[in-house]
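Take a look at the structure set out below.
Throughout, protein chains are lettered first and strands after them, A, B, ... in sequence-line order, and every chain is numbered starting at 1. These numbers were taken from a predicted model, which means no experiment stands behind them.
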There are 2 protein chains.
Amino acid sequence: MSSNSQDPLAPLVRKLGLWSPLDSQDEEAVLALPYTLRTLTAHSYIVREGDNPESSCLLVSGFAYRQKVVGNGGRQILALHMKGDIVDLQNSLLRTADHNVQALTKVEVAFIPREAVKKLAFGRPSVGMAMWYDTLVDGSVQREWTANVGRRDATTRMAHLLCEFGIRLEDAGLGDRCDYELPMTQEQLADATGLTSVHVNRTLMALDRDKITDRNKRAVRVVDWNRLAEVGDFSSEYLHLQDEVAAPR
Amino acid sequence: MSSNSQDPLAPLVRKLGLWSPLDSQDEEAVLALPYTLRTLTAHSYIVREGDNPESSCLLVSGFAYRQKVVGNGGRQILALHMKGDIVDLQNSLLRTADHNVQALTKVEVAFIPREAVKKLAFGRPSVGMAMWYDTLVDGSVQREWTANVGRRDATTRMAHLLCEFGIRLEDAGLGDRCDYELPMTQEQLADATGLTSVHVNRTLMALDRDKITDRNKRAVRVVDWNRLAEVGDFSSEYLHLQDEVAAPR
DNA sequence: CGACGTGTTGAAGGAGCTCAATCTAAGTGG
DNA sequence: CCACTTAGATTGAGCTCCTTCAACACGTCG
């Protein structure tokens, strides 16, 4: 491990390294990316729909979400992001942001000039492949979310979200899938699952009543992971955690 | 135009060229990709969830869709694809397919070995950028679909789908947004919008009754595009049709 | 202390679902 | 050319999951 864990870019090196094996030169090149570090309060906009940002951004600490507002005023939360996630890789290529990215909690964000990202991607193929891979996994998660809100009932949707968040936290080394802090209001959960906050409340209470979870404020304790995964129709393949680029056949 | 329009890969050159300007060497490199052309009947699987395909595939003619089956037996159609779309770019990097790709009509598909795709992507940065761009646009469309099924009512969802399909057909030079053939059953439309076929039927009939569309079998004639777009809460930004990589600031 | 954001609960209503019947058009085989 | 089949579209009736609206509880923070 040549990456200094104090370095704001270290989580990025870690993440990219999971996708594609990086040699020390690759790692150094990533760590050499120019960036501006900024601390934002909860609810701040990191990217606004319609912006033409000159930077991509990396989530260095805290949690964020992607979001879109539709014509009738409804809001759909599209994805959740945590430390090490590149919340806006697309801005290195696409010109106009097609959705909003907002801070869920207080966050630290590293803004990296798009030109630097592009140069790195094509200058060091392993890094480029890892970034592309990251984009593809994002797409896979988005498909799962489409299926989640499109074809699952309320209980299943909620349980699925709880599973995904737990697994991803654990994978990022940020917590335990069976005991974590979910930094979202029930209204935000509603916007993530395509429900209303009232119904989210009833659904969560039912999971508690059935002894599948045991919540306390925002703290989620999963009493029976297997049952939660079953109720949530959850299977982690879509997160592509195992099959790195170079995985043996 | 050095690309021969008879060449199965020509639509790919066209599409990538829209995203990122390609010089003649780039175009030749794309056309030089090795591939196997196959004709498949409607309903055939092009990729199956869980497969570890050794090829990416390009839709040379016909229509296809991505699809996922959830625990309760429900099916969610995740995306629609037409001539020139790379229906499986992700398989060049991801190992395991996370969803199914199926032929909607009779299709011709070119299977391109993943190694060749990777080599091209990193050997010719303009092409690689165009491919990455394509991936990003796919992601954007997927987000819109998530919002569509998550936060819009039945009428809006259907109208939105009709708008998207029309615009994309037109953009691909395959038809007129106000008069086209939608090669889907109402059950498939239901799976795409997260509704039931019965409700899709009532919704479509209401659009006809309101003189917004005028359908005849699978033929869709849009009587009033502006009203359809309004009812469908449709705005084409998420398709990123205008803002190519090299677009002037 | 009062105000605000969030969670919790109840009651009533509705958008969309389920089930099931009927209709239509396009085969298909004799 | 016609009887038969079949996939898909259309329609009706009843039901349910989730929404809406509204009230109340609770903790935090100025």
| query | Between A:Leu204 (CG) and C:dT9 (C1'), how many Å, whole number? | reply | 15 Å
| request: Can you tell me the distance, in whole Å, between the CZ atom of A:Arg152 and the P atom of C:dG16? | output: 21 Å
| Closest nucleotide among C:dT18, D:dC18, C:dG16 to the B:Ala154 side chain | C:dG16
| task | May I have the distance from B:His199 (atom NE2) to D:dG12 (atom C1'), rounded to whole angstrom? | result | 15 Å
| task | Find which nucleotide of DNA chain C each of A:Arg151 and A:Glu187 is nearest to by heavy atoms, and output the residue with the more 5' nucleotide. | result | A:Glu187
| task | Grab the CG-C1' distance between B:Asp191 and C:dC17 for me, whole Å please. | result | 14 Å
| note | Between CG of B:Leu189 and P of D:dG8 the distance, given in whole Å, is 12 Å
| said: Strictly below 4.0 Å, N to O, side chains only: are B:Arg221 and B:Asp179 in salt-bridge contact? | reply: no
| message | I'd like to know if the side chain of B:Asn216 reaches the main chain of B:Ala219, judged simply by a donor and an acceptor atom lying under 3.5 Å from each other, with no hydrogens or angles considered. | response | no
| said: What's B:Lys217 touching, base or sugar-phosphate or nothing? Going by heavy atoms closer than 4.0 Å. | reply: sugar-phosphate
| message | On the side chain of A:Arg215, is there an atom forming a donor-acceptor pair with the base of C:dG7 - under 3.5 Å, no angle test? | response | no
| Quick one: is C:dG7 close enough that its OP1 or OP2 comes under 4.0 Å of any side-chain N or O from A:Asn201? | no
| What's the CG-P distance between A:Asp153 and D:dT19, to the nearest Å? | 12 Å
| query | Quick one: A:Asn216 CG to C:dT6 P, roughly how many Å, whole number? | reply | 17 Å
| request: Go through the side-chain N and O atoms of A:Ser61 and A:Glu108 and say whether any donor and acceptor fall under 3.5 Å apart. | output: yes
| task | Is it possible for you to check whether B:Arg38 lies under 6.0 Å from the centre of the six-membered ring of B:Phe111, through NZ or CZ, and within 45° of that ring's axis? | result | yes
| message | Any side-chain N or O of B:Thr185 below 4.0 angstrom from OP1/OP2 of D:dG8? | response | no
| remark: Between B:Gln186 and B:Arg202, the residue closer to the 5' end of DNA chain D by nearest nucleotide is B:Gln186
| message | Would A:Asp233 and A:His160 count as a side-chain hydrogen bond (donor to acceptor under 3.5 Å, both in side chains) here? Give the steps. | response | CA-CA 7 Å; A:Asp233 189 20; A:His160 191 277; over 6 Å; no
| query | What nucleotide, of C:dC17, C:dA20, C:dT9, holds the atom closest to the side chain of A:Met205? | reply | C:dT9
| query | Which part of the nucleic acid, if any, lies within reach of B:Gly74 when heavy atoms closer than 4.0 Å are counted: base, sugar-phosphate only, or nothing? | reply | nothing
| Base of C:dG7 paired with side chain of A:Arg218 (donor-acceptor, under 3.5 Å) | no
| query | Tell me: CG of A:Leu195 to C1' of C:dG16, nearest whole Å? | reply | 15 Å
